[in-house]
Student: 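Let me begin by handing over the structure; questions about it come next.
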Amino acid sequence: MTANMHAFANGAELAGKLADKVVEVLSAAIAARGSASIAVSGGSTPKIFFQTLSSRSLDWRKVTITLVDERFVPADNPRSNHLLVQENLLKDQAASAQFFPLYQDVASVEEAAVIATEKTKSIGYPFDVAILGMGNDGHTASFFPGGSNLAAALDAKSPRGIITMEAEGAGEPRLTFTFSSLQDARLLVLHIEGEGKKGVLAKAEAPGEETEMPIRAVLRRAASPVEIYWAP
Ligand SMILES: O=C1O[C@H](COP(=O)(O)O)[C@@H](O)[C@H](O)[C@H]1O
């Protein structure tokens, strides 16, 4: 519905300003409701932001962190989003935050989705903060073009929780929160970096099918304004 662009000189400046904003929203949530929640993305983009956020003082014991999406791989796999969060965010000041992984050590990704949906219910909705990324193919979370469950993932009427996704561009089978789970976060951020991603965003903002560039669902239909954080 609404998107606001926040452009920065470089990734370090972006990380600092985004950490400021996230701490402000999490602190307000703790003051208002006694606890706070944040769902974060994986991939290559958020590493410096995670490290910056982990150094901020906050009553982290009252903060629950989860992932927007995950590969169906255990936490010691280099492609695990859990591993990225473990090594870069769940440390320093933020070491006392509670973390809810999406991956479950079970035989099938479908079983993992059911278990992760049950376990994450206790976090409560809407999330205080959701930080999305975007791939060069226009995917966000694990809403991949051509994805096996894309229609259900993007359907605003699908229940909140985690579903599976398989797609050519996705590598491993994925676990992802549905659009309905993320689109009304109190602070909804799209964090992208690089001129290439700016071009992908411009393409996504032009007319076209959501299924071709699933980030369009967020840009067009999210209940919360999308705060776009970008640096070259
Ligand atoms: O597959 C994924 O990729 C996107 C974007 O990652 P990046 O490496 O281009 O920053 C990410 O948002 C998502 O969480 C991740 O699973």
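Order of appearance sets the numbers: ligands from 1, and atoms from 1 within every ligand. Here the structure is a predicted model, which means the values were calculated and not measured. The first residue of the sequence shown is numbered 1, and numbering continues consecutively from there.
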Student: Tell me the protein heavy atom at minimum distance from atom 3 (O) of ligand 1, and give that distance in Å.
Tutor: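 The closest one turns out to be His139 NE2, 3.1 Å.
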Student: Ignoring hydrogens and angles, write down the donor-acceptor pairs under 3.5 Å from the side chains of residues 193-204, residues two or more places apart or on other chains.
Tutor:
unit_1, atom_1, unit_2, atom_2, d
Glu193, OE2, His191, NE2, 2.8
Lys197, NZ, Met134, O, 2.8

Student: Please name the pair of heavy atoms, one in Thr52 and one in Ser55, separated by the smallest distance, quoted to 0.1 Å.
Tutor: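 What the structure gives for the nearest pair is O-OG, 2.7 Å.
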Student: Would you check the N or O atoms of Gly42, main chain and side chain alike, for any that come under 3.5 Å of an N or O of ligand 1?
Tutor: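 Yes, since at least one N or O of Gly42 sits under 3.5 Å from an N or O of ligand 1.
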Student: Polar contacts were defined as any N/O atom of the residue lying under 3.5 Å from an N/O atom of the ligand; does this apply to Asn81 and ligand 1?
Tutor: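 Yes - when backbone and side-chain N and O of Asn81 are compared with those of ligand 1, one distance drops under 3.5 Å.
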Student: Looking only at heavy atoms, which two atoms of Ser180 and Ser158 are closest? And how far apart?
Tutor: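 Of all heavy-atom pairs spanning Ser180 and Ser158, the closest is OG-O, 2.8 Å.
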Student: With a cut-off of 4.0 Å, which atoms of ligand 1 are near a heavy atom of Thr45?
Tutor: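 Those atoms are 7 (P), 10 (O).
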Student: Count the heavy atoms of every other residue, nucleotide or ligand shown that sit under 6.0 Å from CZ of Arg61, and state whether that count exceeds 12.
Tutor: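 Result for CZ/Arg61: open.
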Student: Counting each atom of ligand 1 from 1 as listed, which ones have a heavy atom of Gly133 under 4.0 Å away?
Tutor: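 Heavy-atom distances to Gly133 below 4.0 Å select 12 (O).
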Student: At the 4.0 Å heavy-atom cut-off, does Arg71 count as touching ligand 1?
Tutor: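 A heavy atom of Arg71 does come that close to ligand 1.
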Student: Please list, chain by chain and in numerical order, all residues satisfying salt bridge (Lys or Arg N to Asp or Glu O under 4.0 Å) with Lys91, sequence neighbours excluded.
Tutor: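 Salt bridge (Lys or Arg N to Asp or Glu O under 4.0 Å) check on Lys91 returns nothing, list empty.
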Student: Hey, does the Lys NZ or Arg CZ of Arg174 hover above the aromatic six-ring of Phe144, less than 6.0 Å from the centre and inside 45° of the axis?
Tutor: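 No.
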Student: Minimum heavy-atom separation for Phe50 to Leu84, with atom names?
Tutor: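 Scanning both residues, the minimum pair turns out to be CE1-CD2, 3.6 Å.
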Student: Please write down residue, atom name and distance for the protein heavy atom closest to atom 1 (O) of ligand 1.
Tutor: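 Here the nearest protein heavy atom works out to Arg174 NH1, 3.0 Å.
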Student: What atoms of ligand 1 come closer than 4.0 angstrom to any heavy atom of Ser44?
Tutor: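 This gives 7 (P), 8 (O), 10 (O) as the contact atoms.
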Student: For the residue pair Glu227 / His6, report whether a side-chain donor-acceptor contact shorter than 3.5 Å exists.
Tutor: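 The answer is yes; a qualifying pair exists.
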Student: Which heavy atom of the protein is the closest neighbour of atom 6 (O) of ligand 1, given with residue, atom name and distance?
Tutor: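 Going atom by atom, the protein heavy atom closest to atom 6 (O) of ligand 1 ends up being Gly43 CA, 3.6 Å.
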Student: Hey, which atoms in ligand 1 end up nearer than 4.0 Å to a heavy atom of Lys197?
Tutor: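 Reading through ligand 1 atom by atom, the close ones are 7 (P), 9 (O), 10 (O).
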Student: Which residue owns the protein heavy atom closest to atom 14 (O) of ligand 1, what's the atom, and how far is it?
Tutor: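 Protein heavy atom with the smallest distance to atom 14 (O) of ligand 1: Asp69 OD1, 2.6 Å.
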